[in-house]
Asker: 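Pasting a structure here, questions to come.
As a basis for the values below, the full set of heavy atoms in this structure was taken, side chains included, without hydrogen atoms, waters or symmetry mates.
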Amino acid sequence: MTSPANFEGGAVCGVYDETLVRSGTVRVKDEAAPADLSKALLDSMVESSRAHFGRKICTKVVRRDGVLVSVATVNGVSDPTLDLPMLWVAPSEGYRLGL
């Protein structure tokens, strides 16, 4: 899935869009997930995210009490429910992020 985004004030911003979520590819261990599983997971993502579609979401990483946290705003307003702790790991540690 590819989404247009830009940098604003140290954050990565873009408009969250249902079409982009539905066009995503679900992979398990580098293999495309079966169509029924993929559809079910993408449908679940759409339903749980529906309130944010059409809104500009911005995220940036900050250090909070010694922990890296991705903080978010929705249409310029802080939304702590979207904040996520982050951990940087080296590729040699076996982790990989695929979007």
Side-chain angles (χ1 to χ4, degrees):
M1 165 173 38
T2 303
S3 175
N6 55 11
F7 290 100
E8 297 178 21
V12 177
C13 300
V15 175
Y16 199 45
D17 181 84
E18 179 176 350
T19 304
L20 290 171
V21 175
R22 289 200 182 276
S23 70
T25 301
V26 177
R27 300 183 70 81
V28 178
K29 296 184 179 179
D30 271 344
E31 299 292 327
D36 58 337
L37 174 61
S38 184
K39 182 179 180 329
L41 290 171
L42 293 172
D43 286 348
S44 177
M45 288 176 64
V46 164
E47 289 311 311
S48 66
S49 305
R50 190 168 297 285
H52 293 107
F53 291 143
R55 295 183 164 86
K56 182 169 78 172
I57 310 291
C58 295
T59 60
K60 67 180 173 181
V61 178
V62 300
R63 188 170 294 277
R64 198 183 276 164
D65 298 323
V67 175
L68 293 176
V69 179
S70 172
V71 295
T73 61
V74 178
N75 287 345
V77 178
S78 176
D79 186 344
T81 65
L82 298 176
D83 293 357
L84 297 169
M86 297 188 69
L87 176 65
W88 293 110
V89 293
S92 62
E93 294 180 67
Y95 293 92
R96 189 174 142 210
L97 177 63
L99 298 174

Asker: Over all heavy atoms of both residues, which pair between V21 and M45 is shortest? Give the atoms and the distance, please.
Answerer: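 Shortest heavy-atom contact: CG1-CB, 4.0 Å.
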Asker: How far apart are the closest heavy atoms of R22 and V46, and which atoms are they?
Answerer: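 The answer is NH2-CG1, 3.4 Å.
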Asker: Filter on ring-ring contact (aromatic ring centres under 6.0 Å, His included), then keep only pairs touching residues 63-92, sequence neighbours left out; what's left?
Answerer: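 Residue pairs passing ring-ring contact (aromatic ring centres under 6.0 Å, His included), neighbours aside: none found.
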Asker: Suppose we screen for side-chain contact (heavy atoms from CB on, under 4.5 Å). Which residues come up paired with E31, at least two apart in sequence or across chains?
Answerer: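 By the side-chain contact (heavy atoms from CB on, under 4.5 Å) rule, E31 matches no residue at all.
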Asker: L42 and G24: which non-hydrogen atoms are nearest, and at how many Å?
Answerer: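 Between these two residues, the closest heavy atoms are CD1-O, 3.4 Å.
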Asker: Looking at NZ of K39 and CG of L41, how far apart are the two atoms once the value is rounded to the nearest 0.5 Å?
Answerer: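 Interatomic distance, K39 NZ to L41 CG, rounded to 0.5 Å: 11.0 Å.
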Asker: Got a sec, which hydrophobics cluster with V12, joining ILVMFWY side chains under 4.5 Å apart, including via others?
Answerer: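 Its cluster partners, ordered by chain and number, are F7.
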Asker: Applying side chain to side chain donor-acceptor pair (under 3.5 Å), can you list everything that pairs with N75, at least two apart in sequence or on another chain?
Answerer: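 N75 satisfies side chain to side chain donor-acceptor pair (under 3.5 Å) with no other residue.
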Asker: Tabulate below the donor-acceptor pairs under 3.5 Å that side-chain atoms of residues 55-73 make, not counting sequence neighbours, or state none.
Answerer:
from : atom 1 : to  : atom 2 : distance (Å)
R55  : NH1    : A51 : O      : 2.2
K56  : NZ     : E8  : OE1    : 2.9
R63  : NH1    : G66 : O      : 3.3

Asker: Applying ring-ring contact (aromatic ring centres under 6.0 Å, His included), which residue pairs with at least one partner in residues 16-60 are found, sequence neighbours left out?
Answerer: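 Matches after skipping sequence neighbours: Y16-F53.
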Asker: Only pairs at least two apart or in different chains count here, so list each salt bridge (charged side-chain N to carboxylate O under 4.0 Å, His left out) that has a residue in residues 68-79.
Answerer: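 Qualifying pairs, neighbours excluded: none.
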Asker: Could you list the residues that satisfy salt bridge (charged side-chain N to carboxylate O under 4.0 Å, His left out) with E93, not counting sequence neighbours?
Answerer: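 Counting only residues at least two positions away or on another chain, E93 forms no salt bridge (charged side-chain N to carboxylate O under 4.0 Å, His left out).
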